[in-house]
Amino acid sequence: AEVKKEFPNGFLWGGAVAANQLEGAYQEDGKGLSTADVSPDGIMYPPSEDPAKLNLYHDGIDFYHRYKEDLALFGELGFKCFRTSIAWTRIFPNGDDAEPNEAGLKFYDDLFDEMLKHGMEPVVTISHYEMPLNLVKKYGGWRSREVIGYYEKFARTVLERYNGKVKYWMTFNEINVVLHAPFTGGGLEFEAGENKLNIMYQAAHHQFVASALAVKASHEINPNAQIGCMIASMTTYPLTPNPDDVFAALQQDRKTLQFSDVQVRGYYPTYMKRYFTENDIEFEIADGDEELMRKHTVDYIGFSYYMSFIATTDEEKLEEATKGNLMTGVRNPYLQASEWGWQIDPIGLRTTLNILYDRYQKPLFIVENGLGAVDKVEEDGSIQDDYRIDYLRAHIEQMREAVADGVDLIGYTTWGPIDLVSASTAELKKRYGFIYVDRDNEGNGTLERKKKKSFAWYQRVIDTNGQEL
Ligand code: BG6
């Protein structure tokens with residue numbers, strides 16, 4: 001018999017962005033410098049404070065001044081929700097300030113009010129790929145336990161202030177990225193001879209404690225709010241049926257899943273403890289940390305999905321690896337890749353949804369997915385981004401399959417519904433939007449907004465609750 005394939009009523013369709021990738025206004029209204037403000041080359045490269053270097057994050061797409069116009073366009077798309085983050089340095093410019101900056105708090109009040117006016121549920125990441133630079137310089141970023149307290153203060157401040165406006169929260173964007181981009185993920189810089197793994201896991205531990213404290217605060221402030229974790233999903237296939245490859249794929253997946261395991265189940269799994277022992281990884285766990293982590297687990301699992309990965313034990317094969325966003329990947333002969341080498345795998349999304357739901361039995365929220373591509377403005381001014389439509393259609397089809405498989409999926413926000421500065425390579429040429437922004441990698445352009453062909457397509461998808469693709 002026919003299986004019914006449909007999205008639940010109230011499904012949260014929308015788009016997702018991060019403050020540092022689109023707001024710009026990096027020194028306005030009391031904002032302090034963040035790690036993004038000194039990362040002109042993107043998250044995979046070392047920071048630089050050289051003023052002669054163009055940093056596209058500084059101006060972003062000027063969302064700070066144009067958000068009303070942009071939210072009106074999202075309203076036209078029919079967004080049920082909109083995911084953004086709060087720039088920590090607008091609220092606590094140095095991270096360790098005694099009092100929050102009222103101008104910064106006011107900006108997000110206005111932003112969330114405007115979303116609500118358009119019928120969009122704000123979905124808010126407390127910390128997305130940035131932290132106050134001062135916390136890096138003074139304390140060494142997340143290697144220091146003191147940063148937990150500053151994060152907790154920041155989290156409590158915004159959870160209290162926006163209580164009643166924001167129902168969906170996430171504690172850290174792609175928390176597992178601290179292992180791949182330690183400066184962006186953890187404000188970490190290393191000295192020669194330091195044991196990097198120890199420091200990265202110490203930082204991750206501090207973030208786990210901080211995340212548990214934010215969950216605790218959220219549950220105290222508003223038991224009806226939902227607060228989730230957020231991981232960069234890196235679902236991995238074995239290159240061959242060789243059992244060594246199969247096991248290597250399992251282990252590679254655990255490098256990601258350990259982060260959700262801790263935040264969803266509340267404790268370090270034994271496979272992690274074994275890994276720490278075998279690799280002589282040592283870090284401090286203070287009294288009370290484990291109890292706190294066990295007590296304050298997340299309500300849902302947010303994740304980003306762009307591609308799948310391959311594991312192999314064959315050294316030669318590792319050499320043909322292509323460069324991915326966050327790690328080097330082996331080419332999958334069954335998949336096409338984007339212009340940035342990201343291997344497009346819609347069925348991998350269905351697999352990932354099923355893996356996560358089988359593992360946790362908690363609601364899932366796809367908070368990022370999309371195709372970064374170079375767009376061309378035609379002579380008549382139109383942008384024919386059929387490749388983007390194809391990518392999204394194929395992924396949404398697989399989401400619908402996963403829902404029919406029994407996965408409790410609450411929402412879907414495409415990455416960068418309006419073009420913004422990319423994270424891995426800090427450029428504007430890599431576009432994700434339904435809305436084009438006239439600005440290029442050199443920082444030229446009018447910043448004018450223009451609808452692409454995909455705009456009307458996504459509008460129809462939302463309007464039919466994912467039935468018409
Ligand atoms: C995710 C991040 O890793 O991928 C976003 O959470 C990022 O911040 C997105 O922008 C896409 O990556 P990129 O490098 O194409 O911007």
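Sequence positions, counted from 1, serve as the residue numbers for this chain.
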Could you walk me through whether Lys452 and Glu378 satisfy the salt bridge (Lys or Arg N to Asp or Glu O under 4.0 Å) test, starting with their C-alpha distance in whole Å, then the side-chain angles of each, then the deciding distance to 0.1 Å, before giving a yes or no?
CA-CA 11 Å; Lys452 303 180 194 174; Glu378 304 293 340; over 6 Å; no
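No hydrogens or angles considered: nothing links the side chains of Gln258 and Thr256 as a donor-acceptor pair under 3.5 Å. A donor atom on one side chain and an acceptor atom on the other are found under 3.5 Å apart for Thr446 and Asp438. Residues Ser308 and Thr235 have side chains that never bring a donor and an acceptor to within less than 3.5 angstrom of each other. For Arg83 and Asn173, the side-chain atoms include at least one donor-acceptor pair closer than 3.5 Å. Between Thr297 and Gln263, the side chains place no donor N or O within less than 3.5 Å of an acceptor N or O (distance only, hydrogens not considered). If you check the side chains of Asn20 and Tyr26, you find no donor sitting under 3.5 Å from an acceptor. Side-chain contact, Thr125 with Ser85: no donor N or O sits under 3.5 Å from an acceptor N or O. Between the side chains of Ser260 and Tyr360, at least one donor-acceptor pair of N or O atoms lies under 3.5 Å.
Between Asp62 and Arg66 a salt bridge is recorded (basic side-chain N to carboxylate O distance below 4.0 Å). Taking a cutoff of 4.0 Å between a charged side-chain nitrogen and a carboxylate oxygen, Lys153 and Asp97 do not qualify as a salt bridge. Ion pairing between Lys216 and Glu220 holds under the 4.0 Å rule for side-chain N and carboxylate O. A salt bridge does not link Lys53 to Asp50: none of the charged nitrogens lies less than 4.0 Å from a carboxylate oxygen. Taking 4.0 Å as the cut-off between side-chain N and carboxylate O, Arg449 and Asp419 do not count as a salt-bridged pair. The existence of a salt bridge linking Asp113 and Lys117 is excluded, since no basic side-chain nitrogen approaches an acidic carboxylate oxygen closer than 4.0 Å.
A distance-only check finds a donor-acceptor pair linking the side chain of Gln207 to the backbone of Gly185 [under 3.5 Å]. Formation of a donor-acceptor pair under 3.5 Å by the Thr236 side chain with backbone atoms of Met234 is found in this model. A donor-acceptor pair under 3.5 Å is formed between the side chain of Asn134 and the backbone N or O of Asn94.
Looking at His118, Gln459, Lys451 one by one, the single match for side chain to side chain donor-acceptor pair (under 3.5 Å) with Glu76 turns out to be Lys451. Among Glu130, Glu23, Glu102, Glu28, the one residue that satisfies the salt bridge (charged side-chain N to carboxylate O under 4.0 Å, His left out) test with Arg90 is Glu23. Shown are Tyr387, Tyr432, Tyr436; of these, the side chain to side chain donor-acceptor pair (under 3.5 Å) with Asp375 is made only by Tyr387.
Using cut-offs of 30° and 60° for the angle between ring planes, the Phe7 and Trp13 rings count as perpendicular. The aromatic rings of Tyr139 and Tyr150 are tilted relative to each other, their planes meeting at an angle between 30° and 60°. Below 30°, between 30° and 60°, or above 60°: for Tyr300 and Phe365 the angle between ring planes is between 30° and 60°, a tilted geometry. A perpendicular orientation is assigned to the rings of Phe112 and Tyr162, their planes being inclined by more than 60° (bins at 30° and 60°). Ring-plane geometry between Phe79 and Phe434 is classed as perpendicular, the angle between the planes exceeding 60 degrees on a 0 to 90 degree scale with a lower cut at 30. Taking the six-membered ring where tryptophan is involved, the planes of Trp342 and Tyr306 are perpendicular, since the angle between them exceeds 60° and thus also 30°.
When ring centroids are compared, Phe208 and Phe259 come within the 6.0 Å threshold. Between Tyr412 and Phe11, the gap from one ring centroid to the other reaches at least 6.0 Å.
Atom NZ of residue Lys106 and atom CG of residue Leu111 lie 11.5 Å apart, to the nearest 0.5 angstrom.
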